[in-house]
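This is the structure I want to talk about, given as structure tokens.
Just the heavy atoms: all of them, side chains too, but no hydrogens, waters or symmetry mates, feed the values below.
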Amino acid sequence: TFTTPLLTSSTSYWVQAGDAPSSLPSVSGAARVAPASGASGFGNTTLAYGVQFNATSAFNIKAVDVYPSGTSAGTMTLVLADKSGNILQTVGPLNIPAGTGTTIPTATPVTIPLNITVPVADTGYRLYVTNLTVPLIRESSGLAFPYPIGTLGNVTAGWASGSASASTYYYFYNWQIGDNVCNTPL
């Protein structure tokens with residue numbers, strides 16, 4: 001309960017709600033931090049490519065790094081789905097600039113703001129692209145799953161066109177994680 005003081009003019013009040021606004025750490029460098037040297041681009045697809053992960057708590061994926069490897073700019077749409085494939089959130093289309101190289105180390109990261117909410121602790125979440133119009137760096141060797149998302153979960157596999165894959169890691173590096181806080185005017 002909140003009781004306002006005597007109001008003599010217009011006043012704005014805001015409410016802040018979240019699953020655990022002060023108990024979840026902000027995490028930088030979560031999941032796989034960067035692709036290995038020699039990783040190359042893959043893309044221009046409408047099929048679902050990305051990663052599968054488990055969450056031990058609700059959290060917000062504030063941003064991820066992608067490594068464009070094409071000579072032209074393009075777009076992508078991101079999807080968060082649960083383990084049954086139900087789409088929980090879609091973001092995009094997002095603009096992706098032209099790449100600086102076709103492999104690592106010449107390709108450089110671009111940070112993409114997402115603000116995607118992972119709603120509850122669960123297994124088998126999928127974060128993937130659809131309608132990708134520019135190639136992005138991905139890896140298909142030398143992987144050692146799981147990759148920690150701080151203390152909030154783990155990336156457990158790549159996601160390749162409808163199936164988990166322990167031999168691929170698609171697109172999303174250096175996750176920036178925050179708590180699940182939302183500020184809303186009353």
### Message
Are Leu143 and Arg32 packed together at the side-chain level, in the sense that at least one heavy-atom pair is separated by less than 4.5 angstrom?
### Response
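Yes. Closest side-chain heavy atoms under 4.5 Å.
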### Task
Determine, using the 4.5 Å side-chain heavy-atom cutoff (strictly less than), whether Leu132 and Tyr49 are members of one ILVMFWY cluster.
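Yes, one cluster joins them.
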### Message
Testing the basics here: between Pro68 and Ala98, what is the closest heavy-atom pair and its distance to 0.1 Å?
### Response
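Taking every non-hydrogen atom into account, CB-C, 4.2 Å.
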#### Entry: Qualifying residue for side-chain contact (heavy atoms from CB on, under 4.5 Å) with Phe172, from Ile112, Leu136, Val129
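With Phe172 as partner, side-chain contact (heavy atoms from CB on, under 4.5 Å) holds for just one option, Val129.
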### Query
Between Arg138 and Tyr170, is any side-chain donor less than 3.5 angstrom from a side-chain acceptor?
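Looking only at side-chain atoms, Tyr170 and Arg138 do not form any donor-acceptor pair under 3.5 Å.
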### Task
Run the ring-centre check on Tyr125 versus Phe53 and record whether the distance is less than 6.0 Å.
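Yes.
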### Task
Would you check if the side chain of Arg126 reaches a backbone N or O of Gly50 as a donor-acceptor pair within less than 3.5 Å?
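Side chain of Arg126 to backbone of Gly50, a donor-acceptor pair under 3.5 Å: no, none is there.
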### Side chains of Thr102 and Ser69, donor plus acceptor under 3.5 Å
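No.
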### Message
Looking at Asp82 and Ser84, would you say the former's side chain and the latter's main chain have a donor-acceptor pair under 3.5 Å?
### Response
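Flag set: sc Asp82 to bb Ser84 pair under 3.5 Å.
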### Query
Will you find, in the side chains of Thr111 and Asp65, an N or O donor that is under 3.5 Å from an N or O acceptor?
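Yes.
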### Message
I need the Leu88 CG to Leu80 CG distance, nearest 0.5 Å.
### Response
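Interatomic distance, Leu88 CG to Leu80 CG, rounded to 0.5 Å: 5.0 Å.
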### Query
So, does Thr106 use its side chain to make a donor-acceptor pair with the main chain of Thr103 at under 3.5 Å?
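It does hold such a pair.
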### Any Lys62 side-chain heavy atom under 4.5 Å of Asn115 side chain
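In short, these two side chains touch, coming nearer than 4.5 Å.
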### Query
Side chains of Asn54 and Asp122: does their closest heavy-atom pair fall under 4.5 Å?
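Answer no - side chains too far apart.
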### Query
Going by heavy atoms in the side chains, are Leu78 and Leu114 under 4.5 Å from each other?
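Leu78 vs Leu114: side chains touch.
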### Query
Minimum heavy-atom separation for Pro146 to Asn154, with atom names?
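The answer is CB-CB, 3.7 Å.
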### Query
Are Trp159 and Tyr171 in one and the same hydrophobic cluster, where Ile, Leu, Val, Met, Phe, Trp and Tyr link if side-chain heavy atoms are under 4.5 Å apart?
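The answer is no; the residues belong to distinct hydrophobic clusters.
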### Task
Report the relative orientation of the aromatic rings in Tyr173 and Tyr169; use parallel for angles under 30°, tilted for 30 to 60°, perpendicular for over 60°.
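Ring orientation of Tyr173 relative to Tyr169: tilted.
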### Message
Walk me through whether Thr75 and Leu94 qualify under side chain to side chain contact (heavy atoms under 4.5 Å, CB included).
### Response
CA-CA 5 Å; Thr75 61; Leu94 303 165; over 6 Å; no
### Query
Any donor and acceptor pair, going by atom type alone, linking the side chain of Gln89 with main-chain N or O of Ile87 inside 3.5 Å?
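No; zero donor-acceptor contacts below 3.5 Å.
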### Task
Output yes when a side-chain donor or acceptor of Ser57 lies under 3.5 Å from a complementary backbone atom of Ala121, and no otherwise.
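The answer is no, because no donor-acceptor pair under 3.5 Å joins these two groups.
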### Query
Is there a path of hydrophobic side-chain contacts, each under 4.5 Å between heavy atoms of I, L, V, M, F, W or Y residues, that connects Trp175 with Ile104?
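Yes, it is one cluster - the side chains of Trp175 and Ile104 are joined through contacts under 4.5 Å.
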### Message
Any non-hydrogen side-chain atom of Asn60 less than 4.5 Å from a side-chain atom of Ile177?
### Response
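Side-chain contact under 4.5 Å: no.
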### Task
Considering non-hydrogen atoms only, spot the tightest contact between Gly158 and Phe145 and give its length.
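In this case the closest contact between Gly158 and Phe145 is N-CZ, 3.5 Å.
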### Heavy-atom pair with the smallest gap, counting every atom of Ser37 and Pro105
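The answer is OG-CD, 4.0 Å.
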### Task
Using the rule that two of Ile, Leu, Val, Met, Phe, Trp, Tyr join whenever any of their side-chain heavy atoms come within less than 4.5 Å, decide whether Val51 and Val118 are in one cluster.
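Yes, Val51 and Val118 fall within the same hydrophobic cluster.
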### Task
For residues Thr151 and Thr56, determine if any side-chain heavy atom of one lies less than 4.5 Å from a side-chain heavy atom of the other.
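No, every pair of side-chain atoms sits at 4.5 Å or beyond.
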### Query
Which pair of heavy atoms, one from Phe59 and one from Ile61, lies closest together, and at what distance?
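Closest approach of Phe59 to Ile61, heavy atoms only: CE1-CG1, 3.7 Å.
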### Message
Using the side-chain contact (heavy atoms from CB on, under 4.5 Å) definition, which of the options Thr77, Ile116, Val79 pairs with Val91?
### Response
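The option that passes is Ile116.
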### Query
Taking all atoms of both residues into account, what is the closest heavy-atom pair of Ala31 and Tyr147, and its distance?
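Heavy atoms of Ala31 and Tyr147 come nearest at C-CB, 3.8 Å.
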### Task
Look up atom CD in Glu139 and atom OG in Ser167, then write down how far apart they are to the nearest 0.5 Å.
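Separation between the atoms: 11.5 Å.
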### Message
For a 4.5 angstrom cut-off between non-hydrogen side-chain atoms, does Pro109 reach Tyr67?
### Response
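The answer is yes, as the side chains (C-beta and beyond) meet within the 4.5 Å cut-off.
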